[in-house]
Asker: 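Mind looking over this structure? Questions follow.
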There are 2 protein chains.
Amino acid sequence: MSIQTRRERERAERERLIVTAARELAEAEGWDAVTTRRLAAEIEYSQPVLYSHFKGKGAIMAAVAVQGCADLAQEMRTARTAAKGVREALAAVGEAYTTFGRRRPALYDAMFTHAVDLPFATPEAPAALQEAFGELVQAVEPIAARGDDVGLLTETYWAGLHGLVTLMRSGRLPEEAHEQRLALLIGHFTAGMGAGAETGTD
Amino acid sequence: MSIQTRRERERAERERLIVTAARELAEAEGWDAVTTRRLAAEIEYSQPVLYSHFKGKGAIMAAVAVQGCADLAQEMRTARTAAKGVREALAAVGEAYTTFGRRRPALYDAMFTHAVDLPFATPEAPAALQEAFGELVQAVEPIAARGDDVGLLTETYWAGLHGLVTLMRSGRLPEEAHEQRLALLIGHFTAGMGAGAETGTD
DNA sequence: ACAGATTGGCTAGCACTGCTAGGATTCCTG
DNA sequence: CAGGAATCCTAGCAGTGCTAGCCAATCTGT
């Protein structure tokens with residue numbers, strides 16, 4: 001039994017090694033540089049080892065994406081809990097989100113543009129993923145009007161943020177005015193809120 | 001001289017042939033199916049011919065993207081001019097945009113997710129591209145508040161639409177509630193508008 | 001402690017990609 | 001009709017994701 005568990009532990013460790021190596025390589029040189037050969041060299045094993053852990057390159061990217069979701073969730077949570085009011089919380093989360101997308105583009109792409117074989121809008125979605133979305137929900141919920149479906153509103157806000165990030169990162173939108181665009185988006189989502197809703201950060 | 005012009009005409013025709021073949025193949029089977037070999041077979045020439053017209057596959061995709069922008073611009077214009085009021089126009093354009101993205105995913109991807117070697121937010125951007133953006137601007141301009149930068153507001157609205165399309169198409173957002181999300185986005189962009197602004201469709 | 005079964009990892013290779021060099025064939029010019 | 005030039009194709013390069021099959025190290029039962 002002990003031998004079995006040791007082997008499983010070593011396997012799990014190597015799996016983590018693969019994922020972190022893929023993430024670091026992608027963040028350093030982009031996903032194009034993450035070839036199976038390069039990745040195998042990085043972890044000092046041969047290519048087929050990768051396929052004994054993951055079904056393919058896509059699965060490795062998906063694993064990286066899940067890690068990235070955990071990071072993003074944490075950054076959004078930090079931003080949200082540090083904000084003073086509900087409008088500020090929404091703004092802080094939006095800024096945390098877009099900052100994440102700009103500062104870690106490879107990670108962002110793995111999470112939200114590539115790697116479609118992850119279940120997203122279902123209960124089977126990885127926990128980290130639901131956490132990240134949950135952070136958005138918690139930021140959006142207080143600004144929802146009566147009768148609004150909070151989930152749908154959150155998805156819409158998310159889409160706005162995602163659009164800003166991807167269009168900017170691909171050069172379709174100039175980087176300079178990002179803050180103003182973000183402010184516009186947030187402004188339109190918090191418009192119509194009575195000033196009395198300021199109380200209650202959590 | 002006449003021979004020269006005939007050859008140039010034939011070249012231009014073949015170039016159009018390449019672009020339309022690429023577009024049709026992409027729309028039928030996705031961009032992954034558009035390999036240079038496959039495309040060459042489709043136009044009944046050998047591979048290197050492609051490279052005598054375009055710098056590479058990316059350039060071909062860019063040409064397809066420009067065509068797609070013209071299509072999108074026209075569809076948005078039709079929707080906008082058929083709408084009764086300014087709110088309706090914004091909604092109609094938004095719906096035309098997202099419908100385009102869903103009905104012609106390959107074309108949409110060439111325009112807004114791949115093919116980054118096109119100049120976008122500059123005066124050197126292709127005419128079709130500026131036309132498409134111009135349609136958005138014309139729909140957004142009437143709902144802009146005093147002091148709003150219409151360009152920035154349009155970019156923000158665009159980002160919202162783009163986010164909805166891409167997240168939905170990649171399976172991150174369920175398709176069912178698309179109409180509701182779109183309505184939410186439009187609603188938040190037209191909020192705060194006095195009811196008196198209804199007049200003046202063009 | 002030793003033969004045998006089993007697991008594990010590696011070497012080599014497949015089918016494919018975008019792209020290019022060089023030769024052959026066709027075409028126009030004098 | 002010969003010479004020259006433009007055009008197009010065959011063949012190949014370096015790289016991709018992924019896999020089959022062998023070889024060696026490891027664990028098992030006696």
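Chain letters run A, B, ... following the sequence lines, proteins first and then strands; every chain starts at 1. Predicted model, so just to flag it, every value in this text is computed and none were measured.
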Asker: Need one value for Arg11(A): base, sugar-phosphate or nothing, where a base atom within 4.0 Å counts as base even if backbone is also close, heavy atoms only.
Answerer: nothing
Asker: Rounding to a whole Å, what distance do you find between Leu50(B):CG and dC19(C):P?
Answerer: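 Whole-Å distance recorded here is 10 Å.
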Asker: Quick one: does any side-chain atom of Arg87(A) pair with a main-chain N or O of Ile143(A) as donor and acceptor, under 3.5 Å?
Answerer: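 Absent.
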Asker: Going 5' to 3' along nucleotides 15-21 of chain D, which nucleotides have protein heavy atoms under 4.0 Å from the base (write B), which only from the sugar-phosphate (write S), and which from neither (write -)?
Answerer: -BBBBB-
Asker: State which residue, out of Gln74(A), Arg80(A), Gln130(A), fulfils the side chain to side chain donor-acceptor pair (under 3.5 Å) condition with Glu135(A).
Answerer: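 Of the listed residues Gln74(A), Arg80(A), Gln130(A), the side chain to side chain donor-acceptor pair (under 3.5 Å) partner of Glu135(A) is Arg80(A).
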Asker: Just the rounded figure in Å: distance from P of dT7(D) to CD of Glu15(B).
Answerer: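 Checked: the CD to P distance equals 14 Å.
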Asker: Measure the distance from CG on Leu25(B) to C1' on dT17(C) and round it to the nearest whole Å.
Answerer: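 Rounded to the whole Å, the gap is 15 Å.
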Asker: Determine, stepwise, if the pair Arg104(B) / Asp71(B) fulfils salt bridge (charged side-chain N to carboxylate O under 4.0 Å, His left out).
Answerer: CA-CA 11 Å; Arg104(B) 312 179 76 175; Asp71(B) 288 8; 3.2 Å; yes
Asker: Look at the rings of Phe133(A) and Trp158(A) and say which category their plane angle falls in: under 30° parallel, 30 to 60° tilted, over 60° perpendicular.
Answerer: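 Judged by the thresholds at 30° and 60°, the geometry between Phe133(A) and Trp158(A) is perpendicular.
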Asker: Under 3.5 Å, side chain of Tyr45(B) to main-chain N/O of Arg14(B), donor-acceptor pair present?
Answerer: no
Asker: For Glu44(A) and dG8(C), what is the distance between atoms CD and P respectively, to the nearest whole Å?
Answerer: 21 Å
Asker: Run Ser170(A) and Arg172(A) through side chain to side chain donor-acceptor pair (under 3.5 Å) and show every step you take.
Answerer: CA-CA 6 Å; Ser170(A) 66; Arg172(A) 265 97 173 176; 3.1 Å; yes
